[in-house]
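Residue numbers begin at 1 in each chain, while the letters A, B, ... track the order of the sequences. All of these numbers come straight from a predicted model, not from anything done at the bench.
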Amino acid sequence: MPELPEVEVSRLGISPHLIGQRIQAIMVRQVQLRWPIPGEVQYAVGREIRDVRRRAKYLLIDTDVGSLILHLGMSGSLRVVDIDTPVQKHDHVDIQLHNGKCLRFNDPRRFGACLWQAAGETPIELLERLGPEPLTDAFDGRRLYELSRNKTLAVKNFIMDNQIVVGVGNIYASESLFMAGVDPRKAAGKVTKGAYEKLAAAIKQVLAHAIQQGGTTLKDFTQADGNPGYFAQELQVYGRAGEPCRVCENPVQSLTIGQRNSFYCKKCQR
DNA sequence: ATTGACTCCTGATGGC
DNA sequence: TGCCATCAGGAGTCAA
């Protein structure tokens, strides 16, 4: 389930193969992803790829006339392969290049997306309302503190809100709350300034570390060159229900917060 | 306005 | 071994 680090690692992996290449064709085998793939993606055909960027968990493949927007959902992966490589199940989109390679998008659960952003037009709504990138200075504890006043929703849900900060998925929400010693159930408005500063620092640290590790993978992440991703880095609480806390050895708790599985240590997190 | 529930989809998992 | 039910999960959308 790609979280921001996996998307960033994918970007790093694919961009050297794409930048400077001309798109020869875009083959869509399955139109029905998160949203139907719009016909406008064909505007990219014949254009040279100028850059491959990331915004939140969206990848943007830039051409002069616009950008292809890819989202990996929770089971999507990208690989750069030869155009004649036999397709596998769930290989939904090929972005074929003039050099005989193609970027192949595979997504079993089809929660991913492939969209089009025309150059010079107002950003599509998906990208318009996003909060700051977690690894920039625009995101800090003060922002969390100020935006959370009077909010009653659980702090875990708060930090997973893309308008507050992007790229904090279910796994890293649990991990960063553990690292900061904050109870995930606590009302966002009741969390202190100091705790938010710890939390913001923890989010930055845990994401940066995961990117450095090549992305955490729990199940089916495949690196852009086709090699299997690294196995999960040493997760502190996620998926460890009943196992001893790595700090205090009390059993890790699990519960559902906002329809999401959450893990925490009731002794270390208050 | 805020918050929580529901939704898309398929593979993995567990029970019998 | 096989079959079925259940669940996970990003994030947009809907409902209260």
Could you state the atom-to-atom distance from [atom1] of [X] to [atom2] of [N] in whole Å?
X: A/Ile69; N: C/dG10; atom1: CD1; atom2: P; answer: 20 Å
X: A/Asp161; N: B/dA5; atom1: CG; atom2: P; answer: 16 Å
X: A/Asn106; N: B/dC9; atom1: CG; atom2: P; answer: 17 Å
X: A/Arg109; N: C/dA8; atom1: CZ; atom2: P; answer: 11 Å
X: A/Asn157; N: C/dG10; atom1: CG; atom2: P; answer: 12 Å
X: A/Gln163; N: C/dT13; atom1: CD; atom2: C1'; answer: 13 Å
X: A/Met160; N: C/dA8; atom1: CE; atom2: C1'; answer: 12 Å
X: A/Tyr172; N: C/dG10; atom1: OH; atom2: P; answer: 11 Å

Can you check salt bridge (Lys or Arg N to Asp or Glu O under 4.0 Å) on A/Lys101 and A/Asp82, steps first, answer last? CA-CA 4 Å; A/Lys101 302 279 187 182; A/Asp82 292 329; 3.0 Å; yes

So does A/Arg50 pair up with A/Asp62, basic N to acidic O under 4.0 Å? no

Does the pair A/Glu197/A/Arg142 count as a salt bridge with the N-to-O cut at 4.0 Å? no

So, does [X] get its side chain near the phosphate of [N], meaning an N or O under 4.0 Å from OP1 or OP2?
X: A/Lys151; N: B/dA1; result: no
X: A/Thr152; N: B/dT3; result: yes
X: A/His71; N: C/dG10; result: no
X: A/Lys57; N: C/dG10; result: no
X: A/His90; N: B/dG11; result: yes

Is a donor-acceptor pair below 3.5 Å formed from side chain A/Arg260 to base C/dG10, judging by atom type as modelled? yes

Do A/Asp107 and A/Ser75 have side-chain atoms, one donor and one acceptor, less than 3.5 Å apart? yes

Any chance you could measure A/Leu60, atom CG, to A/Asp51, atom CG, to the nearest 0.5 Å? 9.5 Å

Nearest-nucleotide wise, let me know which of A/Arg34 and A/Lys89 is further upstream toward the 5' end of DNA chain B. A/Arg34

Checking all strands, does [X] fall into the base, sugar-phosphate, or nothing category for heavy-atom contacts under 4.0 angstrom?
X: A/Arg110; result: sugar-phosphate
X: A/Asn261; result: sugar-phosphate
X: A/Tyr58; result: sugar-phosphate

Check the geometry between A/Phe111 and C/dA11 and answer yes if their rings are stacked (centres below 5.5 Å, planes below 30°), otherwise no. no

